[in-house]
Amino acid sequence: MQTNYIFVTGGVASSLGKGITTASLAAILEARNLKVTIMKLDPYINIDPGTISPMQHGEVFVTEDGAETDLDLGHYERFIRTKMSKYNNLTSGQIYSEVLRKERRGDYLGATVQVIPHITNAIKERIIKCAKGYDIILVEIGGTVGDIESLPFLEAIRQMAVDLSRRHTMYIHLTLVPYIAAAREFKTKPTQHSVKELLSIGIQPDVLICRSNQAVSINTRAKIASFCNILDKAVISLIDVNPIYNILFLLESQNLDKYICQYFKLQVPLANLSEWKKIVDTEAKPIDKVTIGMVGKYVELPDAYKSVIEALQHGGLKNRITVNIKFIDSREIERKGVELLKSLAGILVPGGFGSSGIEGTLISTKYARENKIPYLGICLGMQIALIEYARNVAGIKNADSTEFSPDCKYPLVVLTSSHILNEDKKQYHNETYLGGTMRLGSQQCKLIPNSLVRKIYNTDIIFERHRHRYEVNNFLLKPIEEAGMRIVGRSNNRLVEIIEISDHPWFIGCQFHPEFNSTPRYGHPLFTAFIKAAHEYQKNSQKSFT
Ligand code: GLN
């Protein structure tokens, strides 16, 4: 089958949920037996978001093949079965660096190198490469129509309708249709302007998805259709829903998937959304609730922990338990003490970089350990758990990570060159280059028998994704193991991947990021077990819980 291209642009305002909407539509098409993938085009000049502060950009989602990508790729993997790769996230930075490399090599044979055709051609090549082998590719263009920086992407997708035939290309535009309560009216003008902007660069949208806080009336939709030159049935109303999986049902009930299949002339069965229905039903009827404290330093922008938040919710779904997350700034713990940790059913210390807020995570980890509160430490959280144990149980007061204390006397967590280690990619840590130089992507880990994690995963070998620069120092571990900390998972080259404490009901730290492998349909063993343990702790404890 020839690949069909659906381009998704956004208008009027940002943060309308373009990523979730694109992923939801892809899930419906996948449920119609189509082979679907999704690509994100990001207009910024960074090669990837790996070097952007989490406070600016939110989480960096890591693919199996070790690419540092936009957090929307996390939505894509949570909604469809296709795994994302380094080809699924394209930035202007990647395009420009590729074109400039070719220019220096003389590939353009004396031509003047220009945005059109050289940059646009490079964009089109990357989209076609990513689409290979799929029935449908949805291509989400980051930013909002009208942004100067996304113009080359829009020009490239405009050209694709000419190159590939209009019949195999579809343009979906997501806009905001505000409801003005005082006038009791929906306002269509911003949408009209946004479509006009698209038309001025030669793109006529085929579908409009209108975000609003209440269902857009039929009359308003008909008005939008007529002003924007679109069929009535292709103007879709999308209200705010909770849980987000309801978006699938909103789109399907308005026959968007049917319209798309007719447009591309695809003879496929109706969408089987039973798995998604089950998720929505489970979420609606919880048996109980727990509150998990997440102690980190990027808590002001929860998007910085997007996949961890989602994975906790999936863990809740698997146990039929509503998970409330209390975001706690680790620096607040330093100021106010453990009072903030009272009445939590579980404590999670997620990934992080740099030395600020470390003391607060150490205090929280000690509190979880001493009070037998279920604890999950992810990446930095595992390193912290080890340092805390070394200092307070094994009595090694100066144990530390060289990340926070470069000259420390007992460097338990260090920058090694032995991990370097993305052997297949031949990437080497280099002090002067920060981008793409960490230990990245999916790697194998061997679990040891008679451990809690072996029981949780119910298998000996697991594959999980990494994103970190520092590793546990195997040479200094002995006294810490003797004091009772267990190393229960190691990589092929013997790096510490998982730790446990035997005299604690549920205390696990992992060097990898399990959240990247969690999906609403399947959950993730670690998160499912963590929520279960938190619920048990809550049931058996005399404390009062929030
Ligand atoms: N800063 C730590 C390291 O680089 C942990 C990274 C993380 O939590 N992702 O090893």
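Read the numbers this way: they start at 1 and go in the same order the structure lists the ligands and their atoms. From a predicted model like this one, the values you see are computed outputs, not experimental measurements.
No side-chain N or O of H535 forms a donor-acceptor pair with one of N319 less than 3.5 Å apart.
Between R211 and D240, at least one side-chain N (NZ, or NE/NH1/NH2) sits under 4.0 Å from a carboxylate O, which counts as a salt bridge. Taking the charged nitrogens against the carboxylate oxygens, K342 and E339 do have a contact shorter than 4.0 Å, which makes a salt bridge. The pair D460-K446 does not count as a salt bridge, with every side-chain nitrogen at least 4.0 angstrom from each carboxylate oxygen. The residues R521 and E30 are annotated as salt-bridged, a charged nitrogen and a carboxylate oxygen being separated by less than 4.0 angstrom.
For the ring pair (Phe, Tyr, Trp, His ring centres under 6.0 Å) condition, the pairs that include at least one residue of residues 374-400, sequence neighbours left out, are Y375-F507.
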Expected rows: ligand 1 N/O, protein N/O, dist below 3.5 Å:
unit_1	atom_1	unit_2	atom_2	d
ligand 1	1 (N)	G352	O	2.9
ligand 1	1 (N)	E403	OE1	2.8
ligand 1	1 (N)	E403	OE2	3.0
ligand 1	4 (O)	R469	N	2.9
ligand 1	8 (O)	G352	N	2.9
ligand 1	8 (O)	L380	N	3.0
ligand 1	9 (N)	R467	O	2.8
ligand 1	9 (N)	H513	NE2	3.2
ligand 1	10 (O)	Q383	NE2	3.2
ligand 1	10 (O)	R469	N	3.2
ligand 1	10 (O)	Y470	N	2.8

